[in-house]
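Naming: A, B, ... by sequence-line order, numbering from 1 per chain.
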Amino acid sequence: GQQLNQSPQSMFIQEGEDASMNCTSSSIFNTWLWYKQDPGEGPVLLIALYKAGELTSNGRLTAQFGITRKDSFLNISASIPSDVGIYFCAGPPNFGNEKLTFGTGTRLTIIP
Amino acid sequence: SAVISQKPSRDICQRGTSLTIQCQVDSQVTMMFWYRQQPGQSLTLIATANQGSEATYESGFVIDKFPISRPNLTFSTLTVSNMSPEDSSIYLCSVVGHPRLGNEKLFFGSGTQLSVL
């Protein structure tokens, strides 16, 4: 089956710094989604991307749909303590399919 | 109140017993799914809960172990049967087609943290 590999697996940054992470697939995706999961909670949708090359922002978060359709990137600018959590990319393995394949996750820790 | 409510939020169970997890949505939704998240891992789809019919299970998951019900468009249950310590995970209900959240996107409940001793 399709796999979504995220990197880095974990990252430690100072408060105020930017954080960048990416997600790569072994096959083409037509939609890319980015979720954040806080401890003890379900994932929360941050950004959805629908077109190759698309760049979308949500506050301090910016995500891009790679032009090859096999990757996506998420950037968090000027990090704050509440950005701590696990970030997952996700996408439907088949066009029009509501079921999602999730990436391996990137754990973000912010050093005060 | 939460849009997608799961009960219980956490439980500690003895091996060999069964636990039923409930998912209640505040509006009718198109689709409901159940995911499992093993400790430190990503999310894996268990099954699609079909309203009024048998759930559709993903590879590696079977009805005898994870019976699912969906009697209407706002409610579903997942049972984890004959539990073993390997079943210790977070179980997550998710929906697509919520009228306020966005029709085409997948949203999650807060999850059920299950520990099996």
Side-chain angles (χ1 to χ4, degrees), chain A residues 1-10 21-26 29-51 54 56 58 63 65 72 85-109, chain B residues 2-11 21 23-25 29-50 55-61 78 89-98 100-115:
Chain A
Q2 289 154 328
Q3 289 186 311
L4 295 180
N5 295 308
Q6 285 184 242
S7 66
Q9 184 176 358
S10 60
M21 58 196 77
N22 68 70
C23 183
T24 58
S25 168
S26 56
F29 274 63
N30 291 299
T31 300
W32 285 98
L33 305 170
W34 284 93
Y35 288 84
K36 181 193 176 208
Q37 186 176 31
D38 291 328
E41 298 291 329
V44 174
L45 181 64
L46 300 174
I47 291 180
L49 302 159
Y50 300 103
K51 201 163 63 169
E54 179 181 354
T56 297
N58 178 8
F65 192 141
S72 180
I86 304 176
Y87 292 80
F88 290 101
C89 62
N94 298 300
F95 184 75
N97 194 332
E98 294 85 358
K99 297 188 292 187
L100 297 183
T101 296
F102 279 79
T104 48
T106 295
R107 181 181 294 273
L108 176 63
T109 301
Chain B
V3 174
I4 306 170
S5 301
Q6 269 188 248
K7 287 191 214 178
S9 58
R10 60 180 62 243
D11 208 342
I21 302 167
C23 179
Q24 178 72 59
V25 191
V29 293
T30 308
M31 303 190 76
M32 296 182 77
F33 303 94
W34 287 96
Y35 282 81
R36 180 177 72 181
Q37 187 176 26
Q38 294 175 299
Q41 301 297 313
S42 185
L43 286 77
T44 301
L45 180 63
I46 298 172
T48 303
N50 299 310
T56 305
Y57 289 84
E58 298 299 307
S59 176
F61 298 96
L78 168 73
S89 296
I90 300 172
Y91 292 86
L92 293 150
C93 170
S94 62
V95 307
V96 170
H98 190 284
R100 281 188 291 110
L101 295 177
N103 280 331
E104 76 282 10
K105 301 185 185 69
L106 187 71
F107 292 91
F108 287 87
S110 55
T112 297
Q113 173 79 61
L114 172 61
S115 297

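A:Gln6 does not touch chain B: none of its heavy atoms, backbone or side chain, sits under 4.5 Å away. When heavy atoms are compared at a cutoff of 4.5 Å, B:Gln6 does not approach chain A at all. Interface residue B:Thr48: only side-chain heavy atoms are found under 4.5 Å from chain A. With a threshold of 4.5 angstrom between heavy atoms, B:Leu43 approaches chain A through its backbone and through its side chain.
Considering only residues two or more places apart in sequence or on other chains, B:Tyr57 meets the ring pair (Phe, Tyr, Trp, His ring centres under 6.0 Å) condition with none of them.
A:Lys99 and B:Phe33 get closest at one heavy-atom pair: CG-CE2, 3.4 Å. Residues B:Tyr35 and A:Leu100 share a closest heavy-atom pair of OH-N, 3.2 Å.
Residues B:Phe108 and A:Phe102 place their aromatic rings such that the two centres sit under 6.0 Å apart.
Put simply, the side chain of A:Pro43 reaches to within 4.5 Å of the side chain of B:Leu92, judged on heavy atoms.
The list of salt bridge (charged side-chain N to carboxylate O under 4.0 Å, His left out) pairs with a residue in residues 89-98 of chain B, not counting sequence neighbours, is empty.
With values rounded to the nearest 0.5 angstrom, A:Asn5 atom CG is found 10.5 Å from B:Ser42 atom OG.
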